[in-house]
*Asks:* 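Quick one: structure below, then a few questions.
Because the structure is a prediction, the values reported are computed rather than measured.
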Amino acid sequence: VPTERIRNLSIIAHIDHGKSTLADRLIQATDAVGSRDMKEQLLDNMDLERERGITIKLQAVRLNYVHPADGLLYAINLIDTPGHVDFSYEVSRSLMACEGALLVVDATQGVEAQTLANTYIAMENNLEIIPVINKIDMHSAEPDRVIREVEEVVGIDCSNAVLASAKAGIGIEEILSNIVEFIPPPQEKATESLRALIFDSAYDAYRGVIVYFRVMDGVIKKGSKVRFMATGRDFEVDEIGVLSPRMVPVSELSCGEVGYLVAGIKTVEDARVGDTITNVRLPATEALPGYEEAKPMVFSGVFPSDASQFNALKDALQKLKLNDAALSFEAENSSAMGFGFRCGFLGLLHLDVVQERLEREYDLDIITTAPSVVYRVKPTKGDAYLVDNPADLPDPNRREYIEEPYVRLEVITPEEFVGPIMELSQSRRGEFVDMRFLVQGRTTLVYDLPLAELVTDFFDCIKSRSKGYASMEYTLSGYRKNKLVKMDVCVNGELIEPLSCILHEDNAYDIGKDLTKKLKEIIPRAQFKIPIQAMIGARVVASSTISALRTDVLAKCYGGDISRKRKLLDKQKKGKKRLRAFGKVNMPQEAFMAIVAVD
Ligand code: GDP
Ligand code: MG
C-alpha cells in the first residue's frame with residue numbers, strides 16, 4: 001500500500017465509553033480476523049484486563065479496508081491506548097504515532113475528564129479528530145446534547161461526527177469511510193536515517209521482546225542493525241512485520257508504516273516505550289521528542305506469606321518486569337516482615353494488577369504493605385533525599401523538614417455534586433484553585449492536592465459521592481513542604497513497622513482513631529485481649545482493644561457437623577492464607593491496606 005493510502009489512528013475515550021467494543025467492531029468489519037478467532041475485545045489481551053474492562057498494554061492492528069468511493073485498498077493502523085489515569089503516559093506515546101484519532105463519547109454520559117485530557121493530548125500532537133457518539137442504541141442516549149457538549153467543551157468541529165453503536169454495529173461503515181476521508185496520510189520524508197517511535201513493547205517467552213513501532217523517517221529493514229537511542233543499545237533485526245492482527249513478516253517498513261520487530265531483546269527495559277529506533281550505519285542525530293521514563297509514584301512492600309517463597313517471588317517479579325518497564329523492585333529486609341521487595345508502581349491500579357498477577361499467574365501467596373508516595377526529606381546534616389518507605393524516615397530531631405508530592409486535580413461533575421466533592425477535596429487537604437462552568441449543568445473543579453491523599457481511595461469516594469457521575473484527571477505538579485509526621489502502630493505491644501505511615505500532623509488524631517477502629521474489625525480475635533495503639537513518637541494518639549474470645553463462643557465454633565467443618569477447612573486450605581504472624585497475633589492482608597480505606 002502506498003503511503004498516501006495509510007492511515008494511522010488511535011481511539012481515545014473516557015473509560016467505559018466503548019473504545020474496546022468499537023475496536024472489535026472495526027476489526028470485524030474489515031475482517032482482519034476470522035470471526036472464529038474473534039475473541040471479545042481482541043486488543044485487550046490479558047485476562048485481567050478483560051475482567052476489569054481496562055486496557056493496560058496498548059497494541060496495534062492493521063485493518064485492510066477497501067473504500068467504496070474509489071474501490072482502492074487502504075491500510076488503517078489502529079493503535080490502542082490504555083484507558084486509565086495510572087497509564088496516561090502511554091496514551092501520549094501512542095498518539096504521537098498517529099495522524100488522527102477517533103474520539104469516542106458515550107451518548108448517555110457526555111464529556112468526561114479523560115475525554116478532555118486525551119483530546120488535549122491529541123490536539124497537542126495536531127491530530128485530526130473524528131468524534132464518534134457511541135451507544136446511540138440505548139434509551140437514555142442523548143446524541144444531540146452530547147454533540148453540543150463536544151463542540152462547546154472540547155471545542156472541536158462535529159460536522160463529521162458519527163452517531164454509532166459499537167454494540168449494535170451502527171455507524172461502522174461511516175466511521176471507516178470518515179477515517180479515509182478526514183485523517184491525513186503520513187507525510188513522506190526523504191531522509192536517509194531511520195527514526196521510528198516505540199509505542200509499545202511486550203515480552204514473549206519464545207521470541208523475546210516484540211517491539212511495536214511507527215516509522216517516522218526513513219526505512220527499517222530485516223537484517224539491519226538498529227540502535228535504541230535512549231538506552232544506547234544495538235540489536236540486529238531478525239524479523240519485522242505488520243499486525244493483521246497476527247504477525248505477518250515483511251522485508252521492510254518505510255515512513256508512515258506501523259509494525260513490529262523481533263531482535264533477540266531480552267527485556268522491555270531495553271526497548272522502552274517512547275524511545276527512538278535508528279540505524280547503526282547511519283544514525284539519526286536527534287531522537288524523536290518526548291521520551292521520558294515512566295516513574296513509579298507509589299511504593300509498597302511485597303512479601304511472601306511464607307518465607308520459603310522468597311525466591312519464587314523474586315523470579316515472578318523478574319518475569320513481570322520483562323513486560324512492564326514501569327514496575328520497579330529491589331530486595332528489602334524488614335525486621336517485621338522478613339525478606340521481600342520494595343516495589344514501585346504507577347498508581348494503585350498498577351499495584352493491584354501486579355498483586356493479582358503474582359497470585360494468579362505465579363500462584364504466590366503474598367502480603368503487600370501500606371502504599372506510600374515518595375517524600376523528600378531534608379536531614380539536619382547533608383542534602384535532601386527521597387524516601388519511599390516510612391521506615392526509612394530519620395527521627396524528628398535529625399530532620400529539618402519533609403516535602404510531599406502534589407497533583408493538580410480536575411474533577412468534572414454534575415452541578416448537584418459540587419458541594420460533596422468540594423467537601424471531600426477539602427477533607428483531603430485539597431487547596432481550591434478554580435471552579436469553571438463546563439456546560440449546562442456541569443462543572444469543572446480544580447484543586448491542588450497531596451498525591452498521598454489521592455492514592456488512597458479518593459477515586460472511589462469521588463464516584464460514590466457523585467453516584468458515579470463525576471470523573472477525574474490529575475498531573476503531578478511538584479513538591480511542597482508540610483507539617484508531616486510519622487505514625488506508628490502497635491498491636492499487642494509490638495510495633496508493626498509495615499503499618500507505619502507518613503501523614504499531616506493535623507490529621508493524625510482522626511486517622512489514628514479511624515485506623516485503630518478499622519484494625520479492630522480486621523484482626524481476628526484471639527483467646528486474649530489485643531490492644532491496638534496509634535502513636536507519634538512515644539505519644540499514643542488513638543487506641544482500641546480487641547476483646548478476647550469467650551470460651552462459649554469457642555465451644556460453638558468447635559461443635560456442629562463434622563463433615564461441614566471439614567469442607568470449610570479444606571476450602572480455607574486451598575484459599576490463600578495472606579496472613580502474617582506478629583508475636584501471637586495474626587495480621588491478615590487487609591490490615592496492611594487499612595490505611596488506604598481510612599476516611
Ligand atoms: P472501554 O473502557 O472504552 O474500552 O469500553 P468497552 O468497550 O469495554 O465498553 C464498556 C461497556 O459498554 C461494555 O459493557 C460494552 O458492552 C458497553 N458498550 C460499548 N459500546 C456500546 C454500545 O454501542 N451500546 C451499548 N448499549 N453498550 C455498549
Ligand atoms: Mg477497553
Side-chain angles (χ1 to χ4, degrees), residues 9-19 22 81 83 85 88 91-92 95 98 100-166 170-171 174-175 178-179 181-183 408-422 425 432-447 462-463 466-475:
L9 67 137
S10 281
I11 306 180
I12 54 181
H14 188 73
I15 194 151
D16 279 347
H17 282 199
K19 190 182 60 168
L22 179 63
T81 53
V85 280
S88 61
V91 174
S92 53
L95 292 183
C98 300
L102 297 178
L103 171 64
V104 176
V105 186
D106 185 331
T108 69
Q109 306 285 327
V111 172
E112 300 283 359
Q114 283 158 52
T115 316
L116 276 175
N118 290 336
T119 310
Y120 292 149
I121 302 173
M123 285 164 134
E124 275 163 30
N125 286 293
N126 293 317
L127 303 197
E128 179 65 35
I129 298 169
I130 300 175
V132 174
I133 311 301
N134 191 34
K135 306 200 188 181
I136 58 156
D137 60 300
M138 289 178 71
H139 285 302
S140 50
E142 298 176 89
D144 295 336
R145 170 182 70 82
V146 171
I147 283 191
R148 270 201 314 279
E149 236 176 75
V150 173
E151 290 197 312
E152 275 176 40
V153 179
V154 190
I156 55 174
D157 173 26
C158 279
S159 55
N160 60 355
V162 183
L163 300 185
S165 165
I170 301 168
E174 195 184 343
I175 292 171
N178 281 6
I179 289 171
E181 270 171 51
F182 297 112
I183 295 179
R408 171 63 57 94
L409 170 76
E410 297 208 359
V411 181
I412 294 180
T413 175
E415 256 163 16
E416 67 252 52
F417 306 117
V418 163
I421 285 174
M422 290 181 82
S425 308
F432 177 80
V433 177
D434 195 11
M435 176 156 90
R436 288 192 294 258
F437 168 81
L438 189 74
V439 279
Q440 186 61 44
R442 280 201 294 164
T443 303
T444 305
L445 288 168
V446 185
Y447 273 87
I462 288 262
K463 283 286 172 200
S466 66
K467 304 204 166 81
Y469 285 110
S471 59
M472 63 172 237
E473 258 296 316
Y474 64 87
T475 47

*Asks:* Considering non-hydrogen atoms only, spot the tightest contact between Pro420 and Phe417 and give its length.
*Replies:* CD-O, 3.2 Å
*Asks:* Charged N to carboxylate O under 4.0 angstrom, Glu142 versus Arg148?
*Replies:* no
*Asks:* Are side-chain heavy atoms of Val162 and Ile133 found at a separation under 4.5 Å?
*Replies:* no
*Asks:* Between the main-chain N or O of Leu127 and the side-chain N or O of Asn125, is there a donor-acceptor pair closer than 3.5 Å?
*Replies:* no
*Asks:* Within the distance-only criterion (no hydrogens, no angle test), does the side chain of Asp434 pair as donor or acceptor with the backbone N or O of Leu445 below 3.5 angstrom?
*Replies:* no
*Asks:* Should the ring pair Phe432 and Tyr447 be called parallel, tilted or perpendicular, given that the plane angle runs from 0 to 90° and is split at 30 and 60?
*Replies:* perpendicular
*Asks:* How long is the gap from CD1 on Ile11 to CG on Leu22, to the nearest 0.5 Å?
*Replies:* 4.5 Å
*Asks:* Strictly distance-based, threshold 3.5 Å: is any side-chain N or O of Asn160 a donor or acceptor partner for the main-chain N or O of Asn178?
*Replies:* no
*Asks:* Are the side chains of Ile412 and Val153 in touch, meaning some heavy atoms are under 4.5 Å apart?
*Replies:* no
*Asks:* Do Ile12 and Ile121 make a side-chain contact, defined as non-hydrogen atoms from C-beta onward lying under 4.5 Å apart?
*Replies:* no
*Asks:* If you compare all heavy atoms of Ala164 against all heavy atoms of Ile175, which two are closest, and at what distance to 0.1 Å?
*Replies:* CB-CD1, 4.2 Å
*Asks:* Quick check: closest heavy atoms across His17 and Gln109, and the distance to 0.1 Å?
*Replies:* NE2-CB, 3.9 Å
*Asks:* Take Leu9 and Ile183, measure what side chain to side chain contact (heavy atoms under 4.5 Å, CB included) needs, and give me the verdict at the end.
*Replies:* CA-CA 8 Å; Leu9 67 137; Ile183 295 179; 4.0 Å; yes
*Asks:* Okay, side chain of Glu410, backbone of Val446: is any donor-acceptor separation there less than 3.5 Å?
*Replies:* no
*Asks:* How close do Ile156 and Met123 get, counting heavy atoms only, and between which atoms?
*Replies:* CG2-CE, 3.4 Å
*Asks:* Restricting to non-hydrogen atoms, name the atom on Ala166 and the atom on Asn134 that form the minimum distance, rounded to 0.1 Å.
*Replies:* N-OD1, 2.8 Å
*Asks:* Quick check against the 3.5 Å criterion: does Lys463 have a side-chain atom that pairs as donor or acceptor with the backbone of Ala470?
*Replies:* yes
*Asks:* Can you tell me how far the CG atom of Asp106 sits from the NE2 atom of His14, to the nearest 0.5 Å?
*Replies:* 9.5 Å
*Asks:* Please give me the minimum heavy-atom distance between Thr413 and Ser466, naming the atom from each residue.
*Replies:* OG1-CB, 4.5 Å
*Asks:* Does the side chain of Ile147 come within less than 4.5 Å of Pro131's, by heavy atoms?
*Replies:* no
*Asks:* Using 0.5 Å steps for rounding, measure from the OG1 atom of Thr444 to the CE atom of Met472.
*Replies:* 14.0 Å
*Asks:* Could you grab the distance from atom NZ of Lys19 to atom OG of Ser10, nearest 0.5 Å is fine?
*Replies:* 8.5 Å
*Asks:* What do the steps show when you test Met435 against Thr443 for side chain to side chain contact (heavy atoms under 4.5 Å, CB included), and what is the final call?
*Replies:* CA-CA 7 Å; Met435 176 156 90; Thr443 303; 3.5 Å; yes
*Asks:* With Ile129 as reference, evaluate Asp157, Leu103, Val150, Val154 under the side chain to side chain contact (heavy atoms under 4.5 Å, CB included) test and give the passing residue.
*Replies:* Leu103
*Asks:* Are the side chain of Arg442 and the backbone N or O of Val111 linked by a donor-acceptor pair below 3.5 Å?
*Replies:* yes
*Asks:* Rounded to the nearest 0.5 Å, what separates atom OG1 in Thr115 from atom CD in Glu473?
*Replies:* 9.5 Å
*Asks:* To the nearest 0.5 angstrom, please state how far the SG atom of Cys158 sits from the CD atom of Glu152.
*Replies:* 10.5 Å
